[in-house]
2 protein chains.
Amino acid sequence: MRALPSRLSRIPAVGSDEPMPADGNEYNFCDTCTFSRTCLQSGYDKGRLRDLHVLIDHVGPFREGEHLFREGDPFTAIAAVRAGVVKTYVNDADGREQVQGFFLPGEIVGLSAISHDRYPCNAVALDTVQLCRFSFPDIAALATRIPSLQQQLFRLLSQDIGKATLLAGNYSADERMAAFLVSLSRRYAARGGNPDRFHLVMTRTDIANYLRLASETVSRVFRRFQDEGLIQVDRRDLRLLNLSRLETLARSVLRE
Amino acid sequence: MRALPSRLSRIPAVGSDEPMPADGNEYNFCDTCTFSRTCLQSGYDKGRLRDLHVLIDHVGPFREGEHLFREGDPFTAIAAVRAGVVKTYVNDADGREQVQGFFLPGEIVGLSAISHDRYPCNAVALDTVQLCRFSFPDIAALATRIPSLQQQLFRLLSQDIGKATLLAGNYSADERMAAFLVSLSRRYAARGGNPDRFHLVMTRTDIANYLRLASETVSRVFRRFQDEGLIQVDRRDLRLLNLSRLETLARSVLRE
DNA sequence: CGCTAGCTTGAAACCGGTCAACTTTTGTGG
DNA sequence: CCACAAAAGTTGACCGGTTTCAAGCTAGCG
């Protein structure tokens, strides 16, 4: 678990549900907030930056197992993960859990809810989670005045269509697992982490439910990958020993 | 195959690639254009309606087997299907075709391209296809002035995330087929067609590639559904004899 | 007529799921 | 700190749905 940036130290203490008060004098954009980063890159004037910033509620921490929202809750906001990992899932007809995605710091949760007025899935914290929460109606309204913000929203939504398409293919257990590991590796690396050594915050069952495999299969593939020298697993700690071979395996899933 | 509305008779003849000239005097919104319909419903003033309309290129017809765009083509426009059926697909590493979707009249093709500057898939006409083509940069710019248009775009994108998630589950061949048939039925019905009798424009292989099954499996399930009195198939002509049982089968896939 | 693409049907193989037993880890309370 | 229980993970044996392979069928078309 990486340490939080110092500017986040003013976040309300554990258990508090209150949004962070907007600070008119000192800007406290968080590094992980995709919107903020995008807008900063685009070189916006202070006024509009302030417009964006006042929409952001810094909420958290949520502790392991706490729900950010549940299926059927009225949809009001999307959220950028600032710290921790979020899992979204639904329960199918037989009560089985179908994991829809894992969201690492910097990634946006709740986009699939936009077309409804209620969340279509549950979101739960897998460890200690901090969020930037945006009122969606407000940010959409602001987007009408900031074209690049609108564009960013379109891009985020469109990207998620592509992601959702990935695991829809009928790939083998090996291909799925390799793609999962490569994807995690790249996403951690994109946030400054180590691309070939990280900690799995999710259980084997979570991974299985995400990849549409049985948890036993996940165990067996981990085992075999280790025997073949591709990875080294010690409980949740993972080392990717042969990233290029994993990428080859994942190639067809990730479409490269 | 349904007859085209009369107002489409002025469309350029077969083989022409030219967009339909914008007609300043007489509005010729097509019934199938989702954007136009939405904006009409929202009760917009004539001026803005005109703004939207001048963005629309009426293109076509494309004949069976003709490509609307190919993977890697520069992305410029999304398109509403006005008539006919479009199939989108990619070729995976082994050269196998992976069908991503079928688009009936009124549906939008190309949304997943927004996050890139190139189309991430191929789109081909399965029969004679007419399109309304929108320059995406232009329509996004217009959306900054028409909030409900922006909202409509957000909703369309978000819906596609949900759709893509549907077939990602590990469902049985029966569930997949039932969901496919029910979905087609509803989409035809939404456009004034018969919900329990329609023509499949796609081959068994297309269906199989879409549902991630072998084409033999599609054949066998069709057979069994017919033996069980659920449907009646004669080549591509299909009757749904027991829609409610099909819906029950499809329930877990369609999440109801 | 015969060719071809699309489709159907049967038999066998296989991948992954299910079931069951067991081990390891984690958490809790005395 | 230990005892105990519950959760998570591993491993093996078996089973079943789908795919694969192979052969034959049908409709459409030159």
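Below, chain A is the first sequence line, B the second, and so on; all start at residue 1. What you see is a predicted model; the values in this text were computed from it and never measured.
To the nearest angstrom, C1' of D:dA8 lies 15 Å from CE of A:M202. Computed from coordinates, the A:R204 CZ to D:dT11 P distance equals 10 Å when rounded to whole Å. In this structure, A:L126 atom CG and D:dA8 atom C1' are separated by 15 Å, rounded to whole Å. Distance CG (A:D227) to P (D:dT11): 9 Å, rounded to an integer number of Å. Rounding to whole angstrom units, CD of residue A:E216 and C1' of D:dA8 are separated by 12 Å. One can place CG of A:D237 at 15 Å from C1' of D:dG9, the figure rounded to the nearest angstrom. What separates CG of A:L213 from P of D:dT18 is a distance of 16 Å, to the nearest Å. Spacing between atom CZ of B:R212 and atom C1' of D:dG17 amounts to 19 Å, rounded to whole angstrom units.
Between A:D127 atom CG and A:H199 atom NE2 the span is 8.0 Å, to the nearest 0.5 Å. Summarising the geometry, atom CZ belonging to B:R197 is positioned 14.5 Å from atom OH belonging to B:Y188; distances are rounded to the nearest 0.5 Å. Here CD of B:E216 is found 8.5 Å from OG1 of B:T205. Values are rounded to the nearest 0.5 Å.
Residue-level contact check: A:T203 touches the backbone only, with heavy atoms under 4.0 Å from sugar-phosphate atoms and none from bases. Within the nucleic acid shown, A:S215 has no heavy atom closer than 4.0 Å to any nucleic acid atom. Nucleic acid contact class of B:R176 (heavy atoms, under 4.0 Å, all strands): none.
Across all non-hydrogen atoms, the minimal contact from B:S185 to B:P195 is OG-O, 2.5 Å. Contact between A:V90 and A:P120 at its shortest, heavy atoms only, is CG1-O, 3.3 Å.
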Give every donor-acceptor pair under 3.5 Å between a side-chain atom in residues 68-77 of chain A and any protein atom, sequence neighbours left out.
| residue | atom | partner | partner atom | Å |
| --- | --- | --- | --- | --- |
| A:R70 | NH2 | A:H67 | ND1 | 3.2 |
| A:E71 | OE2 | B:R255 | NH2 | 2.9 |
| A:D73 | OD2 | A:R70 | N | 2.8 |

Show which side-chain atoms of residues 226-234 of chain A pair as donor or acceptor with protein atoms under 3.5 Å away, not counting sequence neighbours.
| residue | atom | partner | partner atom | Å |
| --- | --- | --- | --- | --- |
| A:Q226 | OE1 | A:V233 | N | 2.7 |
| A:D227 | OD1 | A:R223 | NH1 | 3.1 |
| A:D227 | OD2 | A:R223 | NH1 | 3.2 |

Result block: side-chain N/O donor-acceptor pairs under 3.5 angstrom for residues 172-181 of chain A, not counting sequence neighbours:
| residue | atom | partner | partner atom | Å |
| --- | --- | --- | --- | --- |
| A:S172 | OG | A:E175 | N | 3.2 |
| A:S172 | OG | A:E175 | OE1 | 3.4 |
| A:D174 | OD1 | A:R224 | NH1 | 3.3 |
| A:D174 | OD1 | A:R224 | NH2 | 3.1 |
| A:D174 | OD2 | A:R224 | NH1 | 2.8 |
| A:E175 | OE1 | A:S172 | N | 3.0 |
| A:E175 | OE2 | A:S252 | OG | 3.0 |
| A:R176 | NE | A:Y171 | O | 3.0 |
| A:R176 | NH1 | A:L211 | O | 3.2 |
| A:R176 | NH2 | A:G169 | O | 2.8 |

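Taking five base pairs at each end of the helix from C:dC1-D:dG30 to C:dG30-D:dC1 and finding the rotation axis that steps the C1' atoms of four pairs onto the next four gives two axes whose angle is 30°, to the nearest 10°.
Of all nucleotides in DNA chain C having an atom under 4.0 Å from a heavy atom of chain A, the first and last in 5' to 3' order are C:dG16 to C:dT26.
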Just the atom pairs and distances: protein N or O near nucleotides 24-30 of chain D's N or O, under 3.5 Å.
none

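Judged by closest nucleotide on DNA chain C, B:V218 is the one of B:V218 and A:T217 placed further toward the 5' end.
Classification of A:R186 and A:E247 as a salt-bridged pair holds, one side-chain N sitting under 4.0 Å from a carboxylate O.
Between A:N209 and A:I207, the closest side-chain pair of non-hydrogen atoms is not below 4.5 Å. Counting only heavy atoms from C-beta outward, the side chains of A:K87 and A:V85 never approach each other to under 4.5 Å.
A side-chain donor from one of B:S244 and B:N242 sits under 3.5 Å from a side-chain acceptor of the other.
Look at A:S219 and you won't find any side-chain N or O under 4.0 angstrom from OP1 or OP2 of D:dG9.
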